[in-house]
Amino acid sequence: MASRPSAFDLLMSNASKKKSEQKQQKSSPKKRKTPTPIITSQNSAPISVKEPDSAQIKEAQLEKDMKNDDSSKVKDAQLGKSEEAVVKKPKVAITPDESFLELKDKVASFDPKKAAYWGKGQRVPFMFVAKALDAISKESGQIAITAIVCNMLRTVMETTPEDLVAVVYLLANRIAPAHEGLELGIGDASIIKALSEACGTKEAQIKKQYKELGDLGLVAKASRSSQSLMRKPEALTVVKVFDTFRLIAKESGKDSQEKKKNHIKALLVAATDCEPQYLIRLLQAKLRIGLAEQTLLAALGHAAVYADKQSSTPANIDSSLEEAAKIVKQVYSVIPVYDKIIPALLADGVWDLPKTCSFSPGVPVGPMLAKPTKGVSEILDKFQDIEFTCEYKYDGERAQIHYMEDGTVEIYSRNAERNTGKYPDVVDAISRFKRPSVTSFVLDCEIVAFDREKKKILPFQVLSTRARKNVVLSEIKVGVCIYAFDILYINGQPLLQAQLDSRRQVC
DNA sequence: CGCCTGTGCGCC
DNA sequence: TTTCGGA
DNA sequence: TCCGAAAGCGCACAGGCG
């Protein structure tokens, strides 16, 4: 995500020492030289933003678009072919043919229908995803990985589109949009417990294996495969796994650990082959197979192009793929919610995605991130003929403040976590200081600990001691001030496409 | 119930 | 958050 | 350009104890 320039993130973290006392609410950082910015801005994918900065600046981060794969090197998944072996009942196949892993053909010649080894009306088997993850783990290049993901997404789009959201969530290794704050609450310790119970091993044994193998996923795989199964468990489906993950996240209160553990055990017991391995890695939220957000988004874009039967393949397939990836990334940066993007994508395709799915107040947009620089000269070079601005980098916490038409305020962190409950003082201040003519806005800011008496900025260390949840206004011990450095939306108008200087003027 | 610990998490 | 290495 | 790894700190929560 990321896009929009923020004239703020600088490298250093001690800038705050430099004084500059502002009072709370706004008050912009200390500007130092520099005239106006030019910034390109906004969230578009590969836009290069020109950012302002000071001695230690970082320029806005551009969105990176990955080079996509050219179909000539892509591979394609031939999963299918296992229909025969699969026969076992009208159930989902337990194991897809291994040829699924040989994604050596071109994406262009890939046939999603053949790749699907599960029957019509059936859900996507978890094995399908597990096998793909396994195949991905054996690759190292972005191109190959993107191709594999693209092919699996096409397969799902073609045969079981209703499962696409769940598939994408698993691939993204998420259980909900970041701003919803849903957490698994599961770590290695709990996993080890569940694993030892599910396999009838001692915890010490699991830990020992963990040390040897270096990966709990492998431990799970090894443990499970050495167990003799009484009967073949019913095949797991992607939806089942995803739903269980969400259930785990929702357990809380007394005995919740026990319940979470039982959910994990149930999944493990039903998992075979490489499923346990990826089940565990997903729970750890550490897939570490070289597949992450940007790659997934690109693959989603590519898959959508192939799935688009309307506009027959454009003359230049490669550039279309690139363009589609760019669009998806762009859209995701503005509204990082797969639950919105996927349905829109399925219904109206990629090309219209920016129209069918766009910024929505209350949903945090991907923040423009800072990028470290080696020195001033690099900056002067880069902005040679461009206006730019320099600002302090305050040592606080990034915050995106949304003010909705109904008067609701939401505050999000750099990673889109909802921080509203942590800053009732900010919410209060916002509501009090907002001009009546302003009906809605989104501000990009830095919240910094501030000592009102001494009128001094406090270091991050101090800010970090603030309570984090359900904070009561009257019990706040560490005061804060806000440095707003960008505005992304105002009175119903998205400013994501506007240049930084014009956005600054709005303030 | 209060207190401590282990655990998970998000932040820089 | 920064820094690093690999592809 | 992208991914994954590594680094410390403090709060929240669940579980277990007296």
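Numbered from 1 within each chain, the chains take letters A, B, ... in sequence-line order.
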Task: Pair A:Arg503 + A:Asp444: basic N to acidic O under 4.0 Å - done: no
Open item on the list: Partner lookup for D:dT1, please. Criteria are Watson-Crick or G-U wobble with both distances under 3.5 angstrom; report none if nothing qualifies.
Closed with: C:dA7
TODO: Measure the distance from CG on A:Asp395 to P on C:dT2 and round it to the nearest whole Å.
DONE: 11 Å
Open item on the list: Please report the distance, rounded to the nearest Å, between OH in A:Tyr423 and C1' in B:dG10.
Closed with: 11 Å
Task: Residue pair A:Val167 / A:Leu171, side-chain heavy-atom distance below 4.5 Å - done: yes
Open item on the list: Counting only side-chain nitrogens and oxygens, does A:Arg414 get under 4.0 Å of the OP1 or OP2 atom of C:dT1?
Closed with: yes
Task: Gap between atom CE of A:Met157 and atom CD1 of A:Ile342 - 0.5 Å precision - done: 6.5 Å
- [ ] Quick one: list whatever passes salt bridge (charged side-chain N to carboxylate O under 4.0 Å, His left out) with A:Arg468, sequence neighbours left out.
- [x] none
Task: ring-ring contact (aromatic ring centres under 6.0 Å, His included) partners of A:Phe441, counting only residues at least two apart - done: A:Tyr403
Task: Near-strand residues of residues 179-193 of chain A, defined as heavy-atom separation under 4.0 angstrom from DNA chain B - done: A:Glu183, A:Gly185, A:Ile186, A:Gly187, A:Asp188, A:Ala189, A:Ser190
Open item on the list: For A:Glu180, is there an ion pair with A:Arg174 - N to carboxylate O distance below 4.0 angstrom?
Closed with: no
Could you pull out every donor-acceptor pair under 3.5 Å between side chains of residues 181-193 of chain A and any protein atom, sequence neighbours left out?
unit_1   : atom_1 : unit_2   : atom_2 : d
A:Asp188 : OD1    : A:Gln284 : NE2    : 2.9
A:Asp188 : OD2    : A:Tyr210 : OH     : 3.2

- [ ] Report yes if the side chains of A:Leu164 and A:Leu345 come closer than 4.5 Å at any heavy-atom pair, otherwise no.
- [x] no
- [ ] Using atom CG of A:Leu463 as one end and atom C1' of B:dG10 as the other, report the distance to the nearest whole Å.
- [x] 12 Å
What protein N or O atoms touch nucleotides 3-7 of chain D N or O atoms at under 3.5 angstrom, if any, and at what distances?
unit_1 : atom_1 : unit_2   : atom_2 : d
D:dC3  : OP1    : A:Ala292 : O      : 3.1
D:dC3  : OP1    : A:Gln294 : N      : 3.2
D:dC3  : OP1    : A:Thr295 : N      : 3.0
D:dC3  : OP1    : A:Thr295 : OG1    : 2.8
D:dG4  : OP1    : A:Ile289 : N      : 3.4
D:dG4  : OP1    : A:Gly290 : N      : 2.9
D:dG4  : OP1    : A:Leu291 : N      : 3.2

Task: Check: A:Thr201 and A:Leu195 side chains under 4.5 Å, non-hydrogen atoms - done: no
TODO: Write down the distance between CD1 (A:Ile411) and P (B:dC11), rounded to a whole number of angstrom.
DONE: 13 Å
TODO: Over 60° means perpendicular and under 30° means parallel, so classify the ring planes of A:Phe359 and A:Tyr489, tilted if in between.
DONE: tilted
If you restrict it to nitrogen or oxygen atoms, what contacts under 3.5 Å exist between nucleotides 16-18 of chain D and the protein, and what is each distance?
none

Show each protein N/O and nucleotides 8-12 of chain D N/O combination with a separation under 3.5 Å, one pair to a line.
unit_1 : atom_1 : unit_2   : atom_2 : d
D:dG10 : N2     : A:Arg468 : NH1    : 2.8
D:dG10 : N3     : A:Arg468 : NH1    : 3.4
D:dC11 : OP1    : A:Thr465 : O      : 3.1
D:dC11 : O4'    : A:Arg468 : NH1    : 3.1
D:dC11 : O2     : A:Arg468 : NH1    : 3.4
D:dA12 : OP1    : A:Arg468 : N      : 2.9

- [ ] Using the test ring-ring contact (aromatic ring centres under 6.0 Å, His included), find all partners of A:Phe126 that sit at least two apart in sequence or belong to another chain.
- [x] none
- [ ] Check step by step if side-chain contact (heavy atoms from CB on, under 4.5 Å) holds for A:Tyr392 and A:Glu446.
- [x] CA-CA 11 Å; A:Tyr392 271 155; A:Glu446 187 81 359; over 6 Å; no
Task: Closest nucleotide among B:dC12, C:dT3, B:dC11 to the A:Arg398 side chain - done: B:dC12
Report all side-chain donor-acceptor pairs from residues 240-254 of chain A shorter than 3.5 Å, counting only partners two or more places apart or in another chain.
unit_1   : atom_1 : unit_2   : atom_2 : d
A:Thr244 : OG1    : A:Lys240 : O      : 2.7
A:Arg246 : NH1    : A:Ile175 : O      : 2.7

TODO: For atom CG of A:Asp381, decide whether the heavy atoms of other residues, nucleotides or ligands shown that lie under 6.0 angstrom number more than 12.
DONE: yes
- [ ] Taking only heavy atoms on the protein side, list every residue of residues 243-268 of chain A lying under 4.0 Å from any atom of DNA chain D, sorted numerically.
- [x] A:Ser252, A:Gly253, A:Lys254, A:Asp255, A:Ser256, A:Gln257
Task: 5'-to-3' dot-bracket of DNA chain B (Watson-Crick, G-U; under 3.5 angstrom; crossing pairs as [ ]; | other strand) - done: |||||||||||.
Open item on the list: Working to the nearest 0.5 angstrom, can you tell me the gap between A:Lys374 NZ and A:Ile379 CD1?
Closed with: 12.0 Å
Task: A:Val462: side-chain contact (heavy atoms from CB on, under 4.5 Å) partners, not counting sequence neighbours - done: A:Ala449, A:Leu458, A:Pro459, A:Val478
Task: Salt bridge A:Arg281-A:Asp215, side-chain N to carboxylate O under 4.0 Å - done: yes
Open item on the list: In whole Å, I'd like the distance from the NZ atom of A:Lys371 to the C1' atom of C:dT3.
Closed with: 14 Å
TODO: Determine whether A:Ile476 and A:Pro424 make a side-chain contact, defined as any pair of heavy atoms from C-beta on separated by less than 4.5 Å.
DONE: yes
